[in-house]
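Notes for the one structure printed next.
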Amino acid sequence: MRERPSVLLVQPLLAHYREELLTLLAQDDRMSLKLAAGDSSSDGIIQTFDVPGAIESLALKNRYVGMLLWQRGLVQELLRGKYDALVITGSVHHLSTWVCLLLAPFCRTRTYLWTTGWHRPDSGAKRLVRLAFYNLAHHLLLYGDWGYELGVQSGFPRRKMTVVYNSVQSPDITTVAQVRQEEPVKIVFVGRLTKEKELDLLLHAVAAGGPRLQQAQVIIAGDGPALRHLENLAERLRVKVNFVGGVYDPKSLADIYRRARMTVIPGRAGLTVIQSIGHGVPVVTHSRQDLQVAEAEAVVIGITGERFNYGDVESLSGAMNRIADLDDDAFRSLQTATRQAWLSRWSAAAQAERIASAVLVGLRGPRLRRATRLTRASES
């Protein structure tokens, strides 16, 4: 291995929320990184960014057949690139990734699958396929602790997994907003409006949550197939909601979160959790981790938000009221803890450092083992 190892980092596409993370990794002077990414998502929804000229990059051509993906140009790049490490999205549906994992040993390339891992225990053929895929790699870079523990339960070696957490773009703020108890409660949701977010529950919980919630300012930022249904439900329940459409610009997002008392995600809570705590806004979501994704781990009761019993309107109203009723000092402490949790685990800087460290430690391992064998051979 070279003193400054060569790393190929592969993504399905250049998702806008990964721009800061990928830039930080490319700027890490401990390694020489080349970024390879496809040109589209399967649904065409995810916004992308342009790679700055200072970052070495390769454009791949994505070919989708249903859920399956082939990234044209990737295998050829691996074979001719002489890379020390390959960091690649760990999806069993990416056929070109399977081929790269099979070829990497012949290229003397160490492989890292960057993946959310396990959401819930696997069984049957799904368990066997996942384990076979993951075992082709040298190491897994996982989004969360829940996935790590499920991996251990599935029989995957602990030494082959590192939790790196996840991140989005850093918020456009310098300090968290000073929210006061006597203000009307501002409740926000930012994200795609789909059935799995279960925003019906939010509207019902506000309507049934007592005077403080019924007078709340509710802002829902996003587009999606559930929009018309939610508008009709809000009108029927007489809940005042400001539907502002999709918001992606950092300054506009900061305006949404400014002076918010809480973010509420009644269903599956993903990247919105990280975005919210980065703005110093605590999150309310449900407690069924097997129905969540990794980012929901960032919601810790009394530190970064509240949890409620899945599907229970009364429980959700109670969780929201617990945050709404905090006095100013208690809420400022919650904001501080929320922001600190983001800085330590869920920021782009924290994730970039964890990924880089895991890759570099793994690359040093084989070199140290080779050096040890040579020393022992010379001594004998």
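These numbers were taken from a predicted model, which means no experiment stands behind them. Positions are given from 1 along the sequence.
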Within a 6.0 Å radius of atom [atom1] on [X], are there more than 12 heavy atoms belonging to other residues, nucleotides or ligands?
{"X": "Asp50", "atom1": "CG", "answer": "no"}
{"X": "Gln47", "atom1": "CD", "answer": "yes"}
{"X": "Arg108", "atom1": "CZ", "answer": "no"}

Exercise for review: Please lay out, stage by stage, how Asp290 and His119 fare under the test side chain to side chain contact (heavy atoms under 4.5 Å, CB included).
Suggested key: CA-CA 6 Å; Asp290 60 318; His119 290 303; over 6 Å; no
Check your understanding: With side chains defined as the heavy atoms from C-beta onward, is the minimum distance between Leu78 and Leu74 less than 4.5 Å?
Key ->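 Heavy-atom side-chain distance check fails, nothing below 4.5 Å.
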Check your understanding: If you group Ile, Leu, Val, Met, Phe, Trp and Tyr by side-chain heavy-atom gaps below 4.5 Å, do Leu343 and Val273 land in one group?
Key ->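 Both belong to a single hydrophobic cluster.
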Practice item. Please check if Trp342 and Val190 belong to a single hydrophobic cluster, counting links between Ile, Leu, Val, Met, Phe, Trp and Tyr side chain heavy atoms closer than 4.5 Å. Key: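 No, Trp342 and Val190 fall in different hydrophobic clusters.
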Electrostatic pair [X]-[Y], nearest N-O below 4.0 angstrom:
{"X": "Asp28", "Y": "Arg30", "answer": "yes"}
{"X": "Asp39", "Y": "Lys61", "answer": "yes"}
{"X": "Arg345", "Y": "Glu297", "answer": "no"}

Practice item. Check each of Val188, Thr263, Val247 against Ile219 using the side chain to side chain contact (heavy atoms under 4.5 Å, CB included) test, and report the only one that passes. Key: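 The single option meeting the side chain to side chain contact (heavy atoms under 4.5 Å, CB included) with Ile219 is Val188.
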What's the shortest heavy-atom distance between [X] and [Y], and which atoms?
{"X": "Asp223", "Y": "Arg192", "answer": "O-NH1, 3.3 Å"}
{"X": "Gly305", "Y": "Leu334", "answer": "N-CD1, 4.2 Å"}
{"X": "Thr109", "Y": "Ala85", "answer": "CG2-C, 3.7 Å"}
{"X": "Gly144", "Y": "Ala294", "answer": "N-CB, 4.1 Å"}
{"X": "Val281", "Y": "Arg261", "answer": "CG1-C, 4.3 Å"}
{"X": "Tyr64", "Y": "Asn62", "answer": "OH-ND2, 3.5 Å"}

So, [X] versus [Y]: side-chain donor-acceptor pair below 3.5 Å or not?
{"X": "Thr48", "Y": "His16", "result": "no"}
{"X": "Glu295", "Y": "Asn166", "result": "yes"}
{"X": "Arg130", "Y": "Asn135", "result": "no"}
{"X": "Gln275", "Y": "Tyr17", "result": "no"}

Cut-off 3.5 Å, no hydrogens considered: what does the side-chain donor-acceptor table look like for residues 233-246, sequence neighbours left out?
none

Check your understanding: According to the interplanar angle, ranging from 0 to 90°, do the rings of Trp98 and Phe133 count as parallel (below 30°), tilted (30 to 60°) or perpendicular (above 60°)?
Key ->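 Geometry flag for Phe133 against Trp98: tilted rings.
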Exercise for review: List for me each residue that meets salt bridge (charged side-chain N to carboxylate O under 4.0 Å, His left out) alongside Arg259, sequence neighbours excluded, and say none if there are none.
Suggested key: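 Arg259: salt bridge (charged side-chain N to carboxylate O under 4.0 Å, His left out) contacts with Glu183.
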Practice item. Would you please test His139 and Thr162 for side-chain hydrogen bond (donor to acceptor under 3.5 Å, both in side chains) and show each step? Key: CA-CA 8 Å; His139 207 79; Thr162 299; 2.7 Å; yes
Practice item. Determine, stepwise, if the pair Tyr112 / His138 fulfils ring-ring contact (aromatic ring centres under 6.0 Å, His included). Key: CA-CA 6 Å; Tyr112 297 80; His138 290 94; 7.4 Å; no
Check your understanding: Checking side-chain hydrogen bond (donor to acceptor under 3.5 Å, both in side chains) for the pair Ser167/Glu20: CA distance, chi angles, key distance, verdict?
Key -> CA-CA 9 Å; Ser167 66; Glu20 182 181 2; over 6 Å; no
Check your understanding: Do Trp118 and Tyr134 make the cut of ring centroids closer than 6.0 angstrom?
Key ->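 Between Trp118 and Tyr134, the centre distance is under 6.0 Å.
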Give every donor-acceptor pair under 3.5 Å between a side-chain atom in residues 193-206 and any protein atom, sequence neighbours left out.
| residue | atom | partner | partner atom | Å |
| --- | --- | --- | --- | --- |
| Glu196 | OE1 | Arg268 | NH2 | 3.1 |
| Glu196 | OE2 | Arg268 | NH2 | 3.0 |
| Lys197 | NZ | Arg268 | O | 3.1 |
| Glu198 | OE2 | Tyr310 | OH | 2.8 |
| Asp200 | OD2 | His229 | NE2 | 2.6 |

